[in-house]
Amino acid sequence: MVILIRGAEVFAPEPLGVCDILVEGSRIAYLGETDSHTVAQLPDSTVIDATGLTAVPGFIDPHVHIIGGGGEGGYATRTPEIDVADIIRAGVTTVVGCLGTDSITRSHRGLIAKARGLEEEGITTFVYTGSYQLPARTVTGSVADDIVLIDKVIGAGEIAISERRSFQPTIEELADVVSQCHVGGLLSGKAGVTHFHTGSHPTRLSPLHRLLDDYPIAPPAVYATHITRDVELIAEAVGLAAKGAYVDMTAGTSTVESVKAFAEFGGSLDRLTLSSDANGSLPKFDAHGRLTELTVADQSTLFEQVWACADTSGLSLSQVLSFVTSNTADALKLPRKGRIRPGSDADLLFVDEEHSVQHGFAMGRPTISGGELLVRSTFDQRPR
Ligand code: ZN
């Protein structure tokens, strides 16, 4: 299948100006100018006029509770699985699934099955092995073995630090899991990153700073999320990124302010990513640790906050897009993801001035056309 999308202004995420994009199968085959003569010679091709639209890489969401999470308020507060339509509507074409607080009634077996299901429904998926609490839950009995032997597993996470809901791991235990991940990554050619949930305890990121300062750990193997709980935490994340680690902000109402603070503190903008935490629980606890509220995170927040940042953070569109495309691809070592260039996977969004996706592609397959969603979850009951 050959698709030529003509006339969009391309942010790859760096600005490339108006370019035509030729998609062949699941990959981008060509990027540049095409004339009507070339177009006439393309066999069995579909030509889409994208004049006036902005082309950006499909977003990579590195932290999604694809089989749900939660349960902090009892069994009835276990959150639901994600629907592929919600992923596509949020402009996301690649997700990394993880377990949450509950790795007792939820397992990697379910996580991997759901990831494979989402891939059959059209998007690219990976998962983290390990769990919130240490010792890490795994499939094979070892974090390193899971990464080497199971295709979908690219690292471990989310592993909780500075968090009441964790089992309070020692620095030695953290060093052990990060090293297992790193070695598993080396042997399998994968990222081997460890994705850390940062809780609200005032120890904040100090366990990860100690890890990088006191142990022979490769800094990019450390990837910390939820770094926007307060200004002090953002400042510590700036320090961690300066050492070469990756840091991630969970999209929410304060994302624009958090991104601005990170930039103002001199944070390395090529080490920052955004994620949704979609379908995870957003529990609130009082000072005594009692649950006062529990809601479910929505992936659309990520999409909305990317455009809010592009419009109001003072950073360029290209810079903001890198937080959900090229930076994430680098953190997760996904060389065919997160960039519009020949040879890359054809994960593309064509967005209008209102930030509404007019055309979308995942692995070269149309997902949105003329603003209409083309992909439905398997059990969507509406007539097709
Ligand atoms: Zn978390």
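We count ligands from 1, going down the list as the structure has it; atoms in each ligand are counted the same way. Quick caveat: nothing in here was measured; it's all calculated off a predicted structure.
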Next item on the list: Considering only Ile, Leu, Val, Met, Phe, Trp and Tyr, and joining two whenever side-chain heavy atoms are under 4.5 Å apart, list the other residues clustered with Val296.
Entry: none

Next item on the list: Please state whether the rings of Phe350 and Phe361 are parallel, tilted or perpendicular, taking 30° and 60° as the class boundaries.
Entry: perpendicular

Item checked: Pairing residues for Ser369 by the side-chain hydrogen bond (donor to acceptor under 3.5 Å, both in side chains) criterion, not counting sequence neighbours -> none

Next item on the list: Given side-chain hydrogen bond (donor to acceptor under 3.5 Å, both in side chains), test Glu24 with Tyr30 step by step and report yes or no.
Entry: CA-CA 9 Å; Glu24 216 173 348; Tyr30 172 80; over 6 Å; no

Next item on the list: Using the ring pair (Phe, Tyr, Trp, His ring centres under 6.0 Å) rule, collect all pairs that involve residues 257-288, keeping only residues at least two apart or in two chains.
Entry: none

Next item on the list: May I ask you to check whether His197 and His63 place their ring centres under 6.0 Å from each other?
Entry: no

Next item on the list: May I ask you to list the protein N, O or S atoms found at less than 2.8 Å from the Zn ion (ligand 1)?
Entry: Glu158 OE1, His197 ND1, His226 NE2

